[in-house]
2 protein chains.
Amino acid sequence: MDNTAGKRPTVKDVARLAGVSQGTVSNALSGMRGVDPETRQRIDQAIATLGYVPNLAARRMRTGLTNTIAVMTSMPAAVSAGSSRLGFLMEIAASAAIHALDYNSALVLVPPVADPAVALRHVAMDGAIVIEPQRDDAFLSLLKHRGVPVVVIGEPPASHPSGGDLPWVDLHYTRTAELLLSHLLEQGARRIALILGTSSRASQSTTEVIYQAWMLLRGIPPCVIRVPETEGEEGAYQATRYLLTNNPDVDAIFVPVDAFATGAMRALRDEGRTVPDDVRVVTRYDGLRAREERPALTAIDLHLDQVAALATRLLMDLIAGKEIQQVTEGPLPSLVARGSSQD
Amino acid sequence: MDNTAGKRPTVKDVARLAGVSQGTVSNALSGMRGVDPETRQRIDQAIATLGYVPNLAARRMRTGLTNTIAVMTSMPAAVSAGSSRLGFLMEIAASAAIHALDYNSALVLVPPVADPAVALRHVAMDGAIVIEPQRDDAFLSLLKHRGVPVVVIGEPPASHPSGGDLPWVDLHYTRTAELLLSHLLEQGARRIALILGTSSRASQSTTEVIYQAWMLLRGIPPCVIRVPETEGEEGAYQATRYLLTNNPDVDAIFVPVDAFATGAMRALRDEGRTVPDDVRVVTRYDGLRAREERPALTAIDLHLDQVAALATRLLMDLIAGKEIQQVTEGPLPSLVARGSSQD
DNA sequence: TGCCTTGAGTAAAACGTTTTAATGCGCGAC
DNA sequence: GTCGCGCATTAAAACGTTTTACTCAAGGCA
């Protein structure tokens, strides 16, 4: 018969064994239409004896739904993952995977690689969570072209051709910058430098705007250095040494990108500056790097697990065709003060 | 025409525009059979103008291949993920995702939830990487039933009904235990306690065997405490307080599970013991918890990124039907000595 | 020349579901 | 008593690809 060899039983086999048609089996499975309780029982019985498991590919082809969402970011791996591959992306992915399950969906991890088109070529999804996209983000363009629903974590870049209509979960860039700057000022810092990446992300531009405004207001000459994200920790190291040579009176450095912060700390050590006594350092993402550094880095708890849960729910609503608001307030960030900025 | 509205172009549309049959388009796409260069050019042209993207669900249904692998572990979330959702699982997932891409495959993350059957219900995969399965591991059973190729990270439990025939990447449990025990002894510890989980995993039983042997050899009375994994940090906290009350002369605690180590550290603080002066503490996984603790925990670098890369390649070979050896030597673990065990 | 091989191409089948349109049946309302 | 309606059920269509079996023409070899 059919179930002798390695062939998996199909709905056809179940139907035959239960003495009904394929359609009825399908209805019993999905519960979409009424099925007589007695018939349903026979079908369940047949499914059990045959060990039937639905062929997901066939179901997906027919329905057009994949029951899959993806998480991705265009941030280069040098920054977003780092040597131990942890961080931002993974923290969000873990939370999203758990919450996707509530919607009978799996989560696929799209790794940050050079060519987004390659990364997406073999991934089918009902929707995507895109983390902190940059201007002209390749992932956003590809997803838009495919018509995939998208929820952004962090503010989408205003000028992206995909339109400013993407829903997003606010990561509170303004409040984050203010928390860190006010903390530094409270701790007595007066010459605060800012080290940013060169990519065009809302997080960076917002941070710079706030920084410039605060410095202007307090009569502090601003000092902003930009380092390409691809150069990672080493790039920040070089930049910081350069900064310390040219601006020896700097007494605080604001380094939002944690990979850069690690480089900055190393540069400070090599330049013989003591943290926090000579120079105070703060960063944004409170991950492995921030906590492992000595002294440990003051950072921001972004509550990424809650953010990811929120984004997942929004995405599911969007996929289901519900109306969702364009901007959703995520949990408010909170300061995690550590040894790098206070005595 | 067809491409007026929201309907995605299909191979049929491409064929029509290029003036060939569907089969030829398919051949041109897969390169499986010869296609005249001039014809191929016309097809490429048609694909470009139509913006054709293959329907993966249809392809998968026809070929039976999903170009997807999954990563999963049955370790409860309380231990494997923790409050910030990082750790072991995520570190492996990140590396596997990157390397899966080399084989045109996506990686789906199966979250550690109570019911593995639910977690797998909507996931189709060509193969799976299972992390440190326990005896009667539900994931292994389900995967075996579906006939999915599996590679295990860490030694599979000997008695699993799925058979001892599963290929696995060695995490060197013996060497890991020896590294930590010899380090403790070198540091002068003489009364070493061991805190383990209650689940039946090879890592635990191997660790205990080595521990017992070493203690016996040195005439040290062994002291082993087992805490259910589901109780997480708090369970270990209680167990450690109990341990310190009943065995006040303990001068070192070996806590392989990092979530437990966090609880043990808290118990030591609450009992007024100084680490490392009064009691030395070591753990296994060198993750966020180990590094964030004060003093930071001595741990083992398992080189999980290399392990995951290895496992991914093995799995891909297995899927491709190649012969692979049953046990593969992973990279050797190395000691990361920190303040929790040395002065 | 005749025969066999090769290579490019095609029409149609096949994959396993869900959905659609149709069928038969029992039942209450007229 | 019949009409119409709702319900459970069915046969067949549809989803978009890859694969199979076949045709046709060109070319090599005896």
Side-chain angles (χ1 to χ4, degrees), chain A residues 2-3 5-44 46-47 50-68 104 121-122 124 126 146-147, chain B residues 2-3 5-44 46-47 50-68 104 121-122 124 126 146-147:
Chain A
D2 291 295
N3 48 353
K7 248 177 106 37
R8 266 173 53 171
T10 75
V11 78
K12 200 177 219 159
D13 302 320
V14 174
R16 189 167 353 164
L17 183 55
V20 295
S21 74
Q22 301 187 35
T24 303
V25 173
S26 178
N27 286 333
L29 243 44
S30 63
M32 279 287 74
R33 288 174 50 173
V35 174
D36 188 276
E38 195 266 342
T39 309
R40 179 184 300 269
Q41 157 121 23
R42 276 211 319 283
I43 293 175
D44 289 344
I47 287 177
L50 258 51
Y52 166 75
V53 178
N55 179 320
L56 292 179
R59 170 178 297 174
R60 286 168 184 179
M61 158 153 155
R62 181 62 237 229
T63 62
L65 289 177
T66 63
N67 285 308
T68 299
N104 293 328
R121 175 160 298 150
H122 296 274
D126 297 331
R146 290 209 205 164
Chain B
D2 291 295
N3 47 355
K7 248 177 105 39
R8 266 173 53 170
T10 75
V11 78
K12 199 176 220 162
D13 303 320
V14 174
R16 189 164 354 155
L17 183 56
V20 296
S21 75
Q22 299 187 37
T24 304
V25 174
S26 178
N27 287 332
L29 242 43
S30 64
M32 280 288 75
R33 286 175 51 174
V35 173
D36 188 276
E38 194 266 340
T39 309
R40 178 185 300 269
Q41 156 121 26
R42 274 212 321 282
I43 293 175
D44 288 344
I47 288 177
L50 258 50
Y52 167 75
V53 178
N55 179 320
L56 292 179
R59 170 178 296 173
R60 286 167 185 180
M61 158 154 153
R62 181 63 235 228
T63 61
L65 290 177
T66 63
N67 285 307
T68 298
N104 292 327
R121 176 161 296 151
H122 296 276
D126 296 331
R146 290 210 206 164

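We name chains A, B, ... by the order of the sequence lines, and we start the count at 1 in each one. Since we're looking at a predicted model, the values are computed, not measured.
- The nearest whole Å value for the distance from the CG atom in B/Leu56 to the C1' atom in C/dC15 is 16 Å.
- The A/Asn27 side chain lies nearest to C/dT19 when the options are D/dT17, C/dT18, C/dT19.
- Regarding B/Gln22, its CD atom lies at a distance of 12 Å from the P atom of D/dC15, rounded to whole Å.
- Contact annotation: B/Lys7 side-chain N/O to D/dG16 OP1/OP2 distance is under 4.0 Å.
- The shortest distance between the side-chain N/O atoms of A/Thr39 and the OP1/OP2 oxygens of D/dT9 is below 4.0 Å.
- Panel note: side chain A/Arg8, backbone A/Gly51; no donor-acceptor pair is recorded below 3.5 Å.
- Looking at heavy-atom distances under 4.0 Å, B/Gly34 makes contact with sugar-phosphate atoms alone, never a base.
- For B/Thr10 and D/dG16, the shortest distance from a side-chain N or O to OP1 or OP2 is not below 4.0 Å.
- Of the candidates C/dT10, D/dT18, C/dG9, the closest approach to any side-chain atom of B/Val20 belongs to C/dT10.
- The shortest distance between side-chain heavy atoms of A/Ile43 and A/Thr24 falls below 4.5 Å.
- Look at CG on A/Leu29: it is 15 Å from C1' on C/dT19, rounded to the nearest Å.
- Base engagement by A/Thr24 is indicated by at least one non-hydrogen atom pair under 4.0 Å involving a base atom.
- Rounded to whole Å, atom P of D/dG16 lies 6 Å from atom CG of B/Asn55.
- One can place CZ of B/Arg40 at 15 Å from P of C/dG7, the figure rounded to the nearest angstrom.
- Residue B/Thr68 holds its OG1 atom at 8.5 Å from CG of B/Leu56, rounded to the nearest 0.5 Å.
- Among the atoms of the strands shown, base atoms are found under 4.0 Å from some heavy atom of B/Arg33.
- From A/Arg59, atom CZ reaches atom CG of A/Leu29 across 6.0 Å, with rounding to the nearest 0.5 Å.
- Comparing atom distances between the A/Asp36 side chain and each of D/dA8, C/dA8, C/dT19 picks out D/dA8 as nearest.
- When all heavy atoms of A/Gln22 and A/Ala15 are compared, the closest pair comes out as N-CB, 3.8 Å.
- Nucleotide D/dT10 holds its P atom 8 Å from the CD1 atom of A/Ile43, rounded to whole Å.
- Here D/dA8 presents its P atom at 14 Å from CZ of A/Arg42, a figure rounded to the nearest Å.
- Side-chain atoms of B/Arg62 and base atoms of D/dT17 include no donor and acceptor less than 3.5 Å apart.
- Whole-Å rounding puts the A/Lys12 NZ to D/dT10 P distance at 15 Å.
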